Each structure stands twice: as structure tokens, then as C-alpha cells.
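Quick caveat, the model's predicted, so the values are computed rather than measured.
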Amino acid sequence: MDRRIGAKMMSKLNKIEVQSLKSQVLQEIKQYILDKGLTEGDRLPTERAFTEMYGVSRSVVREALSYLEHTGVTETVQGKGTLIKAPDVSSLVEGFLFSFQVANGSKQDLLSLRIIFECAAIEEIVKLDKDISQMKAIVKEEVKNHYENDKAFHQSILHSTGNILFEQLSSVIQSYFYHIEEEGQDIDYIKTSETHKQIVDAISNKDVKLAKELMTQHLSK
């Protein structure tokens, strides 16, 4: 076998081995976090400690920890080390949406998903009799900036569910459409404000069917 070809094959095998080792260590660290019951603000052991714990090189541990930081599980704080972050899936969803756009994904598919989320939020709010005082306050206040008022209204619907994960997922999809509006989409904000009031009235009256119909029509325009 040609020496150059042999060297290339060995190089590829070494890379595969390193990647496999990193994946194994990553899973071990994840399991360590779960087994120890670590939560927001708790500190992980140092790179050196993990190196000794798993019998691998520091570079492998460093890559595994770097992955956890880039995916929003941990953060490095000067003087404190590597800490567990509060749950936040926003960065993951944003990454997916960007890939979706790169692949020329359909705007209509995203709109359908947004409608599903916000209608589901309405069902949850009425079913569990959630507090909608924030929603009511937004539709009653004097509107100085219709764009910001619209954002606040839709975010208040998600927030009223009391489900943080649901709110984070839906908010990222919402932001995609507000980005489009910032680029010049023509919106009838006067009519939008009136529709907001109608949706809140329907929710207050526990008329889920009407509230969902109004929301669907509102977002589809």
C-alpha cells in the first residue's frame, strides 16, 4: 500500500476514534449532571477533574464541555468555572429556523406552525383558567407603537400558558415573522388592535372556538 494512502487512512481512523471518544465523554458528563441533580447555577467539576475521572485527554473533555456550552446547557463564568444555565431552547430553535431558511423552507409551513402554537395556547389558557390580566392590560392601554404592541400581545398569550418551554419555542417562531414585518410588510395595525380586543373578549368568555377562529384569521392575513 502506498505510504501516503496509508497515512491518510490512519489519520481518518484517528479522527473517528477521537470523535467517538468525545461522544462517549459527552454522554458521561450529561449523565453526571443528571445523577448529581445539578440545576441552574451549580458548578461542574474542572477539566482536570473530568480528565482524571474518565481517563481521557483534556482536549477530549474540553471539546465535550464546549459542546454543552454552545448548545446552551452550560456557561463559563470567570472566577466561577463552568455553571449550569437556566433551560433555554431558543438558540436551538433559532439554529433550526436558519437551516430551514437556507433550505428554502416554506413560509406557509412556519405560519401554520405559529397558528397551531397560538391556538394551542388559547386552549390551554381557557382549560386551566390561566390569568389573562396581562393580555387585558395590553389591549386597554393607549397604543403608541402598534408594532411593539402587537409583539407584546402575542407574547402575553404565550406567557399566560405558564409553560416556559412552550413560550420559548413559540417566541422564536414569532420573531421570524416580526423580522419580516421590519423589512417592510404592510400591516393594518388599527384593525389588528381591534382584533386583539375581540380575541381577549372571547378568551374571557371561555369561547375557545371563536378565539381560535379570530386568531387564525388574524395571523393568516
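- Summarising the geometry of Ala121 relative to Thr161, their closest heavy-atom pair is CB-CG2, 3.6 Å, with the distance given to 0.1 Å.
- Here the rule is salt bridge (charged side-chain N to carboxylate O under 4.0 Å, His left out) with Lys212, and of Glu124, Glu123, Glu118 only Glu123 fits it.
- The shortest non-hydrogen separation linking Pro45 to Met53 is CG-CE, 4.4 Å.
- Counting only heavy atoms from C-beta outward, the side chains of Leu68 and Lys30 approach each other to under 4.5 Å.
- A donor-acceptor pair is defined here as one N or O able to donate and one able to accept, closer than 3.5 Å; no such pair exists between the side chain of Asn205 and the backbone of Ala202.
- Side-chain contact between Ile84 and Glu75 is absent, with no heavy-atom pair separated by less than 4.5 Å.
- If you take OG on Ser156 and CE on Met135, they are separated by 5.0 Å, rounding to the nearest 0.5 Å.
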**Message:** Test side-chain contact (heavy atoms from CB on, under 4.5 Å) on Lys85 and Glu40; report intermediate values, then the result.
**Reply:** CA-CA 5 Å; Lys85 286 183 65 177; Glu40 180 185 354; over 6 Å; no
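- Linking ILVMFWY side-chain heavy atoms closer than 4.5 Å, directly or via other members, places Ile116 and Phe166 in two distinct hydrophobic clusters.
- The shortest distance between side-chain heavy atoms of Val60 and Tyr54 does not fall below 4.5 Å.
- Counted by atom type alone, Gln155 and Glu167 present zero donor-acceptor pairs between their side chains at under 3.5 Å.
- In summary, the side chains of His218 and His154 do present a donor paired with an acceptor at a separation below 3.5 Å, with no hydrogens or angles considered.
- The hydrophobic cluster containing Leu83 does not contain Leu65, counting ILVMFWY residues as joined when their side-chain heavy atoms lie under 4.5 angstrom apart, directly or transitively.
- Using a 4.5 Å heavy-atom threshold, the side chains of Gln31 and Gln27 count as separate.
- Phe50 places none of its side-chain heavy atoms less than 4.5 Å from the side chain of Val25.
- The line from CD1 of Ile125 to CD1 of Ile132 is 7.5 Å long, rounded to the nearest 0.5 Å.
- Side chain of Ser66 to backbone of Glu63: no donor-acceptor contact under 3.5 angstrom is found.
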**Item:** Test log, rule side-chain contact (heavy atoms from CB on, under 4.5 Å), inputs Leu44 and Ile29
**Value:** CA-CA 9 Å; Leu44 276 94; Ile29 294 176; 3.9 Å; yes
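- A 4.5 Å side-chain heavy-atom check between Thr216 and Cys119 finds at least one atom pair inside the cut-off.
- Ser57 and Ser59 get closest at one heavy-atom pair: OG-OG, 3.0 Å.
- In this structure, the separation between OG on Ser112 and CG on Leu219 is 10.5 Å, given to the nearest 0.5 Å.
- Residues Arg62 and Glu47 are paired through a salt bridge, judged by an N-O separation under 4.0 Å between the basic side chain and the carboxylate.
- Taking each heavy atom of Lys22 and Ala64 in turn, the nearest pair found is CG-N, 4.0 Å.
- Side chains of Glu69 and Thr76: a donor on one and an acceptor on the other come within 3.5 Å.
- Rounding to the nearest 0.5 angstrom, the gap separating the CZ atom in Arg43 from the NZ atom in Lys80 is 10.0 Å.
- For the atom pair CZ (Phe117) and CG (Leu169), the distance works out to 5.5 Å, reported to the nearest 0.5 Å.
- Once rounded to the nearest 0.5 Å, the distance linking CD of Glu213 with CD1 of Ile122 reads 10.5 Å.
- Test Ile157, Thr195, Ile203 against Met215 for side-chain contact (heavy atoms from CB on, under 4.5 Å) and you get one pass: Ile157.
- Scanning all heavy atoms of the two residues, the minimum distance from Asn149 to His196 falls at OD1-ND1, 4.0 Å.
- Asn163 places a side-chain N or O within donor-acceptor distance of the main-chain N or O of Leu165, the cut-off being under 3.5 Å.
- When all heavy atoms of Leu158 and Ser170 are compared, the pair lying nearest together is CD1-CB, 3.4 Å.
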**Prompt:** Does the side-chain contact (heavy atoms from CB on, under 4.5 Å) test come out yes or no for Ile138 and Gln134, once each step is laid out?
**Reply:** CA-CA 6 Å; Ile138 289 172; Gln134 184 183 21; 4.2 Å; yes
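- Residue pairs satisfying the salt bridge (Lys or Arg N to Asp or Glu O under 4.0 Å) criterion with at least one member in residues 196-206, sequence neighbours excluded, are listed as follows: Asp129-Lys206.
- Residue Tyr32 places its OH atom among more than 12 non-hydrogen atoms of other residues, nucleotides or ligands, all under 6.0 Å distant.
- Within the 4.5 Å cutoff, no side-chain heavy atoms of Phe153 are placed close to those of Thr192.
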